[in-house]
> 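Handing you a structure now.
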Amino acid sequence: MTAFATQQVQAGYVTGVPQNSAVAPIYQTAAYEFASLADAADLFALRTPGNLYSRNASPTQQVLEERVATLEGGASAVAVASGQAAVAVTLLALAARGGHIVAASQLYGGTVDLLQDTLDDFGITVSFVDQDDADAWRTAIRPETRVLFAESVANPVAQVLDIRLVADIAHDAGIPLVVDNTVGTPYLIRPGEHGADFVVHSATKFLCGHGTSLGGLVVDQGTFDFGAEPERWPQFTAPYKRFGDLVLWERFGIGLAFAALVKSKYVHDLGPSLSPFNAWQILQGIETLDLRVSRQSTTALTIARHLQKHPKVAAVHHPGLADNRWHPLAERYLPRGVPSVFSFDLAGLENDAAQARAGRVIDALETVRLVANIGDARSLVAHPASMTHSHLDPRQRAAAGISLNTIRLSAGLEDPADIIADLDRALTYA
Ligand code: PLP
């Protein structure tokens, strides 16, 4: 097997097209021409693989899928229009109508919205648990539970998940574990190596890396056997009516049937397709993933150590710091470094003045930008309570580790001294 740095620039693309383009081309076309009607009919019936229509896939997207599947050590991947779409199609495919999900309370706010609001409309219910509480995961599982869901390193407070612990709980119950590895990135952590069965990404963040394009992926690690309890997973093991009673599990099997269902049903019907241009942008970003992520990780730790000593800062939530509650898990799961997204709490009571105080500090920043994104080349801040997590009630926000004093920082590629000087100047307004 080749090394990560080789895989991130080469996996998934062979210079075989007539023009011999060294870089994977952008196939900017809505549809593909068929050689014959018989050829078209075979493609539509899933009898043969091939290019059909860009809502389903484009060759640029397929290179991206293969590259990210390789980097995560998985069997196959599906790329879609955003991270939100990746989480949605994954959970729809696994939970289906009437299914139940047990999810960590420490999640990105948009995922909480999806779980407690939109998926509820689809007849899928959710229970939230403290991700550090093994008994809470176990007792929340019901007969209709179909998936456990958590982030490898949570956005925004950077709690590190004990993936092996939660994977074992899932497998004891005969269900898969899905891990959102957006903040972790496959360079720092590969959840599949610790028992996760499906890994989702917002490619908008570190994979793209430059804040230019939305995208999302789900990787099937090829570890979960839907055939072991076929009556539990009819979406894979029962005849699929629209394809002449084809049984996905028989045709595609472990590691491939999930992608076939997601593409042929959820992406096809709901249409959250990735544009070929965005797929190409994300591919360019991935080529420097290890360089960016390791430098940003070092920068973030330098900033965290500085903030820890700052009188206007009450707490720094960075698992690279020795006194952080998740430091032992970071040492175990993140030997290459801790992600560059972390939070800190301004000193002061959590009352109306807290929001105004955070506003004064954030508005005074100049090098660090106020942007609702992470994993960008630029350093970004956000105030989760008024932005990404503003739809959560105060109890839910507290369960996620967020207060009105919490500011999230995503360290970029600037010189760390400039970021620190900017933070120091802004903190005088606290
Ligand atoms: N998962 C995590 C951990 C995120 O931080 C985000 C976005 O911030 C998403 C999923 C959703 O991704 P996207 O914005 O690409 O839809």
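These figures come from a predicted structure and were not determined experimentally. Read the numbers this way: they start at 1 and go in the same order the structure lists the ligands and their atoms.
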> Any salt bridge linking D376 with K205? Criterion: basic side-chain nitrogen under 4.0 Å from a carboxylate oxygen.
no
> Determine, for D269 against R242, whether the closest basic-nitrogen to carboxylate-oxygen distance falls under 4.0 angstrom.
yes
> Between Q106 and N155, is any side-chain donor less than 3.5 angstrom from a side-chain acceptor?
no
> Using side-chain heavy atoms (C-beta onward) and a distance below 4.5 Å, is Y32 in contact with S58?
yes
> Check this for me: does any side-chain nitrogen of one of R332 and D162 sit under 4.0 Å from a carboxylate oxygen of the other?
yes
> Run through ligand 1 for me and note each protein residue having a heavy atom under 4.0 Å from it, chain first, then residue number.
S82, G83, Q84, Y108, E151, N155, D180, T182, S202, T204, K205, G215, I374
> Below 3.5 Å, can you tabulate the donor-acceptor pairs from side chains in residues 361-368 to any protein atom, sequence neighbours excluded?
none

